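Numbering starts at 1 and runs along the sequence shown. In this text the structure is predicted, and so the values were computed from the model without any measurement.
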Amino acid sequence: MDSYGELLRQTREEKGLIFDNIAREIAIDKKYLQGLEDEDASVFPGEPYFVGYLKNYAEYLGIDSSIPMRLYNNKKIQESPVPEGLIPTHKDFPWGLIIILSAILVLVGTGITLWFTVFKKAKPVDETLVVDGTKQYRKYELDNTKFTNRLYKGDQLIVPSENGKIILTVKSTLKDFALDTPGGVFYTELSEEAEYDINGDGASDMILYVSDISATDERRGAEISVILRHGVPTLSEVNIAEIPMNDAETTKHTQTVILEDNRAYPFTLNASFRGACLFRDRVDRNDSVETYFSNGEIFTATAQNGIRIWMSNSNAVKFTVVAGSVSKDLPIGKSGEVGVQDIKWVRDTDGKYKLVVVDLD
């Protein structure tokens, strides 16, 4: 079967499932389920949504998600327009002149071949950067902005951390993109978006997406995009001066107290997803980061003063806040409900600090 849509439809019908029940169980609107079976990508907001929904739907039906993804990528390749320069055109040529020029080119080519094979030794192909006769692989230092570039074997990504810089080295760019990290070697396939725990602490540190890689020529490198998750950059102490007073203006929204203490300190937010969800977070004064999550994926962020979260489906995610020795689960919202919350430190008039969850409109 060479149609991912037909594979989805046939499996669903064999299991006797209907869209209404599936949409409710995996939190994907049935118009998107229909779009996947009809192979109609135009109904999706963008390709990341399409890919995420396709994997999630396939896993729900008990299908290895790599199978419909391969069929989808094959279809994209088949439907890509032929570049104008590759379309043959029919023109009348002066064949006599072409024959003479071809003979001259053959003689010149033969001479060049003899020069390099007999009189000179051929130089090996080397994609590395050579400076003063020394091989130097390219190095890129990451920050809080999105990084997109073509990387080659041996290139390095440098990530700031609390204990200095973490060096990530490209191990392979053939078929899969392999990145050697202190947390192990990670492999990412073409059109796959993967999360990496680069320092081995069990938390997601960065998101990597492979948009182009060769299956036959490692020297072509790989086109990738990287976004750092929160928790890797150096953490500063809590800025007491930026903690707001817990006055009438602050408490006009529904507020839940997680803990009280005589001091404020960094806290961690853990999220586990049980369905499709578009998620946005902003930690302290950093820029907001938007990510699509599907069933089984996790998110972790550490903040000094506060974090704001936005989710497209409150029922699809479970949150746990960890501060000091306290761990507290937050209530799960309703299916299809958009949720916006602030989790932050506030200060009472008696000088005590409270870590609170504020439900925003």
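Between the D284 side chain and the N305 main chain, a donor and an acceptor come within less than 3.5 Å of each other. In this structure, N149 contributes its side chain and L151 its backbone to no donor-acceptor pair below 3.5 Å. When atom types are taken as modelled, the side chain of N21 and the backbone of I18 share no donor-acceptor pair closer than 3.5 angstrom. The closest donor-acceptor contact from the side chain of T173 to the backbone of A222 lies at 3.5 Å or more, if one exists at all. Side chain of D143 to backbone of T145: a donor-acceptor contact under 3.5 angstrom is found. Distance alone, capped at 3.5 Å, is enough to place a donor-acceptor pair between the E39 side chain and the G5 backbone. The backbone N or O of V170 sits nowhere less than 3.5 Å from a side-chain atom of D155 that would complete a donor-acceptor pair. Without hydrogens or angle criteria, S65 side chain to K55 main chain gives no donor-acceptor distance under 3.5 Å. In this structure, the side chain of S294 does not engage the main chain of G52 through any donor-acceptor pair within 3.5 Å.
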(Q) Quick one, Y4 with L54, criterion side chain to side chain contact (heavy atoms under 4.5 Å, CB included). Give me CA distance, side-chain angles, the key distance, then yes/no. (A) CA-CA 9 Å; Y4 65 88; L54 178 58; 4.1 Å; yes

(Q) Quick one, F319 with M311, criterion side chain to side chain contact (heavy atoms under 4.5 Å, CB included). Give me CA distance, side-chain angles, the key distance, then yes/no. (A) CA-CA 12 Å; F319 293 107; M311 65 223 81; 3.6 Å; yes

Q: Walk me through it: do V43 and Q34 pass the test side chain to side chain contact (heavy atoms under 4.5 Å, CB included)?
A: CA-CA 10 Å; V43 301; Q34 185 69 59; over 6 Å; no

(Q) Quick one, L61 with L17, criterion side chain to side chain contact (heavy atoms under 4.5 Å, CB included). Give me CA distance, side-chain angles, the key distance, then yes/no. (A) CA-CA 9 Å; L61 293 175; L17 301 174; 3.8 Å; yes

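Note: F44 and F50 have perpendicular aromatic rings, judged against thresholds of 30 and 60 degrees for the angle between ring planes. Using bins of under 30°, 30° to 60° and over 60° for the plane-to-plane angle, the ring pair F147/Y140 lands in the tilted bin.
Checked against the 6.0 Å centroid threshold, Y32 and Y49 do not count as a close aromatic pair.
The shortest side-chain heavy-atom distance between Y196 and L168 does not fall under the 4.5 Å cut-off. A heavy-atom distance below 4.5 Å is not found between the side chains of I307 and K344. With contacts defined as side-chain heavy-atom distances shorter than 4.5 Å, the pair Q341/L330 qualifies. Taking the side chain as every heavy atom from C-beta outward, V338 and W310 approach each other to under 4.5 Å. When side chains are defined from C-beta on, Y53 counts as touching Y292, because their heavy atoms get closer than 4.5 Å. Using a 4.5 Å cut-off on side-chain heavy atoms (C-beta onward), E242 and R285 make contact.
Of all non-hydrogen atoms in V283 and A303, the two that sit nearest each other are CG1-CB, 3.7 Å. Contact record, E189 with V210: O-CB, 3.5 Å, taken as the closest heavy-atom pair. The two residues L190 and N73 come nearest to each other via the heavy atoms O-ND2, 4.4 Å. Nearest heavy atoms, N56 versus A276: ND2-N, 3.8 Å. Across all their heavy atoms, R347 and I243 have their closest contact at N-CG2, 3.8 Å. G333 and N315 get closest at one heavy-atom pair: O-ND2, 3.1 Å.
For the 3.5 Å distance criterion, the side chains of Y187 and S172 fail to qualify, holding no donor opposite an acceptor.
None of T268, N270, T320 except one satisfies the side chain to side chain donor-acceptor pair (under 3.5 Å) rule with T300; the exception is N270.
Taken from CZ in F177 to OG in S211, the straight-line distance is 10.5 Å, to the nearest 0.5 Å.
Geometrically, R12 engages F19 in a cation-pi contact, judged by NZ or CZ lying under 6.0 Å from the ring centre and within 45° of the ring axis.
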